[in-house]
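Both backbone and side-chain heavy atoms feed into the values below; hydrogens, waters and symmetry mates do not.
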Amino acid sequence: MRAIGIDIGGTKIAGAVVDELGAIVTHDRRPTSAADPQVIEDTVVEMVTRLSEGEDIAAVGVAAAGFIDSSQSTVYYAPNINWRNEPFREKLERRLDLPIIIENDANAAGWAEFRFGAGRLVSDMVILTIGTGVGGAIVSGDRLFRGGFGAGAELGHLRVVPNGLPCGCGAHGCIEQYGSGRALLRMANELADAGGIGQVLASVRTRDGVLTGQHISELVGIGDPGALSAVRTLGTWLGQACASLAAVLDPQLFVIGGGVAQSGAVLLDPIRAAFLETLPARGYHPEPEFTIAELVNDAGVVGAADLARRYAETL
């Protein structure tokens, strides 16, 4: 039974036909404008129509960043797309003769990792995706956690510092401000300003005018102490956040995804260390494992398709 997964980003839409084992059969990718909801709708319809040609499609899952209601139908709010209380499923169902669900993009990617990636051997998992911000998803008892209103698992907005740095969500001290790719760049620039172990970071910034994630990744690869320090600080914040999550959720596994996760053990080691230092009642209960995500760019479409397939099986 094949399904179509669509992953809507701020500048592009990716789509794929996915089989029941999570393998991509056919894929498509198109640029789009986040400012025009009608263009997004038209692009999704055209993409689904093209991908459906010659296929027996069971359902369509659409993943997008934002708050989605519990019926997987309406987008309450999307930070990168001009959607406010958008009845997106209803609009698509008028034009496509297929069962459709709308899902948060982090939930979709997390579900793909649970079903077909690093989490496939556990029943309870938390994934943190470290990109420009911090995204995440929770699987508990083999079920994707969405919350009572559908907008749960916004893990990037767990507060770790009272009255800390302001966050785009309107709060202060969210882990997104201390454990994201944007936070890593801020830390690297602070080290560059301070000199000392940040001298190489400063020289790279002077040479290219700005520090980027690619710069830091390359410097980590050659063992630069400033870049390593920034990544370890990032990992320490993430480990503390994971300890708080573990006290509530008791997962068997934490999966770390996103671009920064490609640092591997350089990031995982300080996450584990800070986690163990902060974990309540350490030594008196089992402790979760930590690992890097296995699925990368295709996780959103694979997860959305699998969730849509499961939805179609209930109809």
Side-chain angles (χ1 to χ4, degrees), residues 1-10 12-30 32 40-41 43-52 55 57-75 78 80-81 83 86 88-93 95-96 98-117 119-120 125 127 129 131 135-139 143-146 150-153 255 257-258 293-315:
M1 184 185 290
R2 293 176 174 178
I4 291 175
I6 304 291
D7 191 359
I8 301 176
K12 69 180 185 308
I13 297 177
V17 176
V18 181
D19 70 18
E20 63 274 12
L21 298 178
I24 290 179
V25 179
T26 310
H27 63 87
D28 194 5
R29 185 179 299 261
R30 302 185 187 184
T32 191
I40 292 175
E41 179 186 330
T43 303
V44 170
V45 169
E46 291 166 8
M47 186 175 286
V48 170
T49 301
R50 192 193 74 78
L51 290 170
S52 298
E55 296 281 359
I57 300 298
V60 177
V62 180
F67 296 111
I68 316 296
D69 73 342
S70 58
S71 68
Q72 296 175 277
S73 175
T74 299
V75 184
N80 302 317
I81 300 171
W83 280 338
E86 177 76 9
F88 198 49
R89 184 170 78 179
E90 179 183 340
K91 289 185 175 182
L92 293 178
E93 285 178 338
R95 303 175 64 180
L96 296 168
L98 286 165
I100 293 169
I101 63 163
I102 312 298
E103 185 59 80
N104 172 270
D105 60 342
N107 280 349
W111 182 255
E113 199 67 45
F114 170 72
R115 287 274 287 141
F116 308 110
R120 60 188 176 275
M125 180 197 89
I127 182 170
T129 53
I138 299 165
V139 176
R143 296 174 64 88
L144 185 63
F145 173 82
R146 295 188 179 89
V255 178
E294 295 179 8
L295 305 177
V296 189
N297 296 330
D298 296 326
V301 295
V302 170
D306 193 63
L307 288 165
R309 182 187 301 105
R310 293 168 69 89
Y311 167 71
E313 291 172 351
T314 68
L315 298 178

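Rounded to the nearest 0.5 Å, atoms OG1 (T26) and CG (L51) are 6.5 Å apart. Annotation: the span from E20 atom CD to R2 atom CZ amounts to 7.5 Å, rounded to 0.5 Å. A distance of 6.0 Å separates CE of M47 from CD1 of I13, quoted to the nearest 0.5 Å. Distance CD1/I24 to CG/D298: 3.5 Å, rounded to 0.5 Å. Interatomic distance, CG of D306 versus CZ of R115, reported as 4.0 Å (0.5 Å rounding). Atoms OG and CD, from S73 and E90 in turn, are 7.0 Å apart once rounded to the nearest 0.5 Å.
Across all non-hydrogen atoms, the minimal contact from A16 to V301 is CB-CG2, 4.1 Å. Between P99 and A58, the shortest heavy-atom distance links the atoms CD-O, 3.3 Å. Scanning both residues, A151 and F67, for their nearest heavy atoms gives CB-CD2, 3.4 Å. Taking both residues in full, the closest heavy atoms of A137 and G110 are given as CB-CA, 4.0 Å, listed atom of the first, atom of the second, then distance. Minimum heavy-atom separation, A108 to A63: CB-CB, 3.8 Å. The nearest pair of heavy atoms linking M125 to G119 is SD-CA, 3.7 Å.
In this structure, R29 places its CZ atom where only 12 or fewer heavy-atom neighbours from other residues, nucleotides or ligands lie under 6.0 Å away.
Of the possible polar contacts, one joining the R89 side chain to the S71 backbone as a donor-acceptor pair under 3.5 Å is found. Side-chain atoms of R309 come within 3.5 Å of backbone atoms of M1 as a donor-acceptor pair (strictly under, hydrogens ignored). Not a single donor-acceptor pair under 3.5 Å links the side chain of R95 to the backbone N or O of L92. Using a distance-only test at 3.5 Å, with no hydrogens or angles considered, a donor-acceptor pair links the side chain of N104 to the main chain of G66.
Using a 4.5 Å heavy-atom cutoff, the side chains of R310 and W111 are in contact. For the pair I102 and D69, the minimum side-chain heavy-atom distance is 4.5 Å or more. In this structure, the side chains of V60 and I6 come closer than 4.5 Å at one or more pairs of heavy atoms. Counting heavy atoms from C-beta outward, S52 and L96 have side chains that stay 4.5 Å or more apart.
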**Request:** Test side-chain contact (heavy atoms from CB on, under 4.5 Å) on F88 and I8 and set out the steps.
**Result:** CA-CA 12 Å; F88 198 49; I8 301 176; 4.0 Å; yes
**Prompt:** Going through the distances and angles, do E55 and V25 end up as a side-chain contact (heavy atoms from CB on, under 4.5 Å)?
**Reply:** CA-CA 10 Å; E55 296 281 359; V25 179; 4.0 Å; yes
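Scanning for salt bridge (charged side-chain N to carboxylate O under 4.0 Å, His left out) contacts around D105 gives an empty result, with sequence neighbours left out.
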